Trainee: 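Before I ask anything, here is the structure I am working with.
Every chain is numbered from 1 and lettered A, B, ... according to where its sequence line falls, protein lines coming before strand lines. As the structure is a prediction and not an experimental result, all values here were calculated from the model.
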Amino acid sequence: MPVRKSYATAIMKAVAEIPKGRVCPYGRVAEVAGLPGRARLVGRLLGELTGRDELPWHRVLRADGSLAFPAGSRGFERQVAKLAEEGVNAATGRVDLVRFGWQTSLDEQLWGPD
DNA sequence: ACATTGACTCGCG
DNA sequence: GCGCGAGCCAATG
């Protein structure tokens with residue numbers, strides 16, 4: 001049984017808002033979706049539509065910038081590859097949230113996109 | 001209704 | 001940086 005539709009639509013909408021070349025932690029996606037504290041629900045939903053959806057699920061990762069998948073796993077490599085296409089280096093299994101995180105208030109606003 | 005699980009998060013040592 | 005434990009919430013059996 002999938003995630004409740006009301007939750008699913010809100011979460012998908014939030015994920016779709018993440019700009020290309022940026023990443024966002026589960027918790028923040030949940031907040032944007034209007035569901036604070038439901039980080040796990042985000043992961044649950046993403047698992048349901050991975051591989052058959054156009055949603056940029058690969059831009060969603062853990063709060064510390066690490067990928068949610070174990071290094072070497074199929075999902076891990078897929079995510080790394082997709083991120084690499086957008087200019088985000090996740091080869092080490094981690095992403096620099098200061099540089100690629102979707103808040104950018106500290107990055108772009110202060111220092112500019114380079 | 002109770003117990004378990006999980007693409008989570010935070011704090012401590 | 002790593003492991004552990006506790007909170008967390010919806011889905012499952």
Trainee: Measure from NZ on A:K5 to C1' on C:dA11 and round the result to the nearest Å.
Mentor: 19 Å

Trainee: Does the pair A:R59/A:E86 count as a salt bridge with the N-to-O cut at 4.0 Å?
Mentor: yes

Trainee: Considering every strand and a 4.0 Å limit on heavy-atom distances, what is the contact class for A:G27: base, sugar-phosphate, or nothing?
Mentor: sugar-phosphate

Trainee: Donor-acceptor pair, distance only, cut-off 3.5 Å: does the side chain of A:Q79 make one with the backbone of A:V60?
Mentor: yes

Trainee: Testing A:L61, A:D96, A:I18 one by one against A:V23 for a side-chain contact (heavy atoms from CB on, under 4.5 Å), which residue passes?
Mentor: A:L61

Trainee: A:R4 side chain N/O closer than 4.0 Å to the phosphate oxygens (OP1, OP2) of C:dA11?
Mentor: yes

Trainee: Of the listed nucleotides (B:dT9, B:dC8, C:dA10), which one gets closest to any side-chain atom of A:P25?
Mentor: B:dT9

Trainee: Closer than 4.0 Å, any side-chain N/O of A:R62 to the OP1 or OP2 of B:dC8?
Mentor: yes

Trainee: Between A:R38 and C:dG7, is there a contact of a side-chain N or O with OP1 or OP2 at under 4.0 Å?
Mentor: no

Trainee: Assuming nearest nucleotide by heavy-atom distance, tell me which of A:L61 and A:L41 is located more 5' along DNA chain B.
Mentor: A:L41

Trainee: Between atom CD in A:E31 and atom P in B:dT9, what is the gap in whole Å?
Mentor: 10 Å

Trainee: A:L41 and side-chain contact (heavy atoms from CB on, under 4.5 Å): which single residue from A:V3, A:L46, A:V29 fits?
Mentor: A:V3

Trainee: For A:R94, report the nucleic acid contact type (base, sugar-phosphate, nothing); a contact means any heavy atom under 4.0 Å.
Mentor: sugar-phosphate

Trainee: Here's a test of your reading of the structure: between A:P36 and A:E48, which maps to the more 5' nucleotide of DNA chain C?
Mentor: A:P36

Trainee: Measure from CD1 on A:I11 to C1' on B:dC8 and round the result to the nearest Å.
Mentor: 12 Å

Trainee: Verify, without hydrogens or angle tests, whether A:R94 (side chain) and A:D64 (backbone) share a donor-acceptor contact under 3.5 angstrom.
Mentor: yes

Trainee: Atom CG of A:L35 to atom C1' of C:dA10: distance rounded to whole Å?
Mentor: 11 Å

Trainee: Looking across every strand, which nucleic acid part, if any, lies under 4.0 Å from A:V3 by heavy atom: base, sugar-phosphate, or nothing?
Mentor: sugar-phosphate

Trainee: Tell me: CG of A:L45 to C1' of C:dA11, nearest whole Å?
Mentor: 12 Å

Trainee: Quickly work out the A:R40 CZ to B:dC10 P distance and round it to whole Å.
Mentor: 13 Å

Trainee: Side-chain N or O of A:Y26 versus OP1/OP2 of B:dT9: is the shortest distance under 4.0 Å?
Mentor: no

